[in-house]
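Shown next, in structure tokens, is the structure this report addresses.
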Amino acid sequence: TGSEFLLGAAALLEGRNLAALECFERFLRETPPGDRLFRTASYLGGMITYNRGEFQRASEFFTAAFKHSPETDRDWQSMIYVGELAYFMRKPQDEIERIFRTVEDALRRTEDTARLNALRATLYLKWGNCCVGAFLPPAKANPMVNNQAAIRHFKKARSFCPAHAPADSLLP
């Protein structure tokens with residue numbers, strides 16, 4: 001089963017995303033969730049399907065990556081993607097907000113590190129993007145459009161980036 005993960009990683013590095021996805025899916029079917037590579041295979045499967053616009057599948061992969069991350073090192077990056085994907089799938093606003101707030105609360109309770117600051121910046125950037133109406137075709141209206149909320153989230157994201165500009169600036 002470990003060979004499927006290695007074949008998937010090799011295919012991914014060669015740009016053969018569908019072949020990589022097939023290998024990761026086989027690996028995940030044949031491997032117990034406690035395996036040290038299970039989380040990584042789930043995350044990579046999420047990235048491939050996210051980039052292919054397969055939002056439901058991507059959400060399932062990222063949810064698995066989070067679920068199988070250790071309590072001491074939660075995969076909050078995956079949960080940030082789950083929140084963004086819920087927005088892409090036009091889930092109810094309260095569900096999307098709940099996902100982002102769960103991540104926000106967890107990161108707030110965690111020790112400050114450069115890695116966590118990058119996660120915080122990512123969280124607020126993606127959350128802000130959900131409040132801007134121009135990221136998906138208007139075929140389905142964005143119920144979360146709120147430019148003031150978007151600006152607040154973008155400024156929070158900026159505050160967790162290295163100090164190249166004042167914290168209230170949106171410019172690098």
Side-chain angles (χ1 to χ4, degrees), residues 1-92 95-130 135-137 140 144 153 156-157 160-162 172:
T1 58
S3 61
E4 286 297 330
F5 180 87
L6 292 174
L7 289 170
L12 190 60
L13 290 171
E14 293 172 354
R16 297 182 304 116
N17 294 343
L18 286 179
L21 181 59
E22 289 173 7
C23 291
F24 292 137
E25 287 177 322
R26 273 194 300 276
F27 174 81
L28 292 168
R29 277 193 306 272
E30 299 169 3
T31 304
D35 185 282
R36 65 185 177 84
L37 295 174
F38 194 92
R39 169 183 165 188
T40 303
S42 297
Y43 182 84
L44 293 172
M47 290 306 300
I48 293 167
T49 51
Y50 175 97
N51 289 329
R52 293 176 48 78
E54 298 175 26
F55 301 145
Q56 183 60 46
R57 283 181 74 196
S59 184
E60 291 165 7
F61 278 117
F62 286 126
T63 299
F66 175 78
K67 179 180 173 187
H68 297 291
S69 63
E71 292 285 334
T72 56
D73 185 27
R74 284 312 222 175
D75 185 354
W76 295 112
Q77 180 70 42
S78 287
M79 281 310 294
I80 293 168
Y81 278 117
V82 169
E84 181 182 43
L85 288 160
Y87 160 74
F88 287 162
M89 292 184 287
R90 293 301 197 244
K91 300 280 184 172
E95 181 179 339
I96 298 164
E97 295 278 344
R98 180 187 50 76
I99 295 166
F100 284 130
R101 277 193 174 71
T102 298
V103 175
E104 179 183 47
D105 291 343
L107 293 178
R108 192 177 291 134
R109 291 187 309 267
T110 307
E111 179 183 335
D112 281 337
T113 65
R115 179 178 154 268
L116 288 179
N117 283 342
L119 280 174
R120 288 177 178 106
T122 301
L123 166 68
Y124 292 118
L125 180 63
K126 290 189 177 289
W127 198 348
N129 287 346
C130 293
F135 286 98
L136 286 179
K140 202 166 186 186
M144 292 184 63
H153 291 308
K156 273 188 177 179
F160 289 106
C161 295

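Closest non-hydrogen pair, L85 versus Y50, comes out as CD2-CD1, 3.7 Å. The two residues A64 and S42 have their closest heavy-atom pair at CB-OG, 3.9 Å. A9 approaches F24 most closely through the heavy-atom pair N-CZ, 3.6 Å. Among all heavy-atom pairs drawn from A65 and S78, the shortest one is CB-OG, 3.5 Å. Minimum interatomic distance between F27 and D35 (heavy atoms only, all atoms of both residues): CZ-OD1, 3.7 Å. For the residue pair P70 and R39, the shortest heavy atom distance occurs at CD-NH1, 3.4 Å.
Electrostatic pairing of K156 and E104 counts as a salt bridge here, judged by a charged N lying under 4.0 Å from a carboxylate O.
Side-chain contact check for K126 versus V103: every heavy-atom pair is 4.5 Å or farther apart. Within the 4.5 Å cutoff, no side-chain heavy atoms of M79 are placed close to those of F62. Looking at L44 and L12, their side chains come closer than 4.5 Å, going by heavy atoms from C-beta outward. Between F5 and T40 there is a side-chain heavy-atom pair separated by less than 4.5 Å. Between I96 and M144, some side-chain heavy-atom pair lies under the 4.5 Å cut-off.
Distance alone, capped at 3.5 Å, places no donor-acceptor pair between the S59 side chain and the F55 backbone. Proximity of a side-chain donor or acceptor of T31 to a complementary backbone N or O of L28 within less than 3.5 Å is not detected.
Between the CE atom of M47 and the CD atom of Q77 there is a distance of 8.0 Å, given to the nearest 0.5 Å. Interatomic distance, R90 CZ to E95 CD, rounded to the nearest 0.5 Å: 13.5 Å. Summarising the geometry, atom CG belonging to L21 is positioned 5.0 Å from atom CZ belonging to F61; distances are rounded to the nearest 0.5 Å. Atom CD in E84 sits 14.0 Å away from atom CH2 in W127 (nearest 0.5 Å). In this structure, CZ in F88 is found 7.5 Å from CG in N129, a value given to the nearest 0.5 Å. Going from atom CD of E25 over to atom OG1 of T49 covers 8.5 Å, rounded to the nearest 0.5 Å.
Heavy-atom contacts from other residues, nucleotides or ligands closer than 6.0 Å to CZ of R108 number more than 12.
Between H153 and Y124, the ring-plane angle classifies as parallel under the 30° and 60° cut-offs.
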Review point. Please walk me through it: do N51 and N17 pass side-chain contact (heavy atoms from CB on, under 4.5 Å)?
Key: CA-CA 10 Å; N51 289 329; N17 294 343; 6.0 Å; no
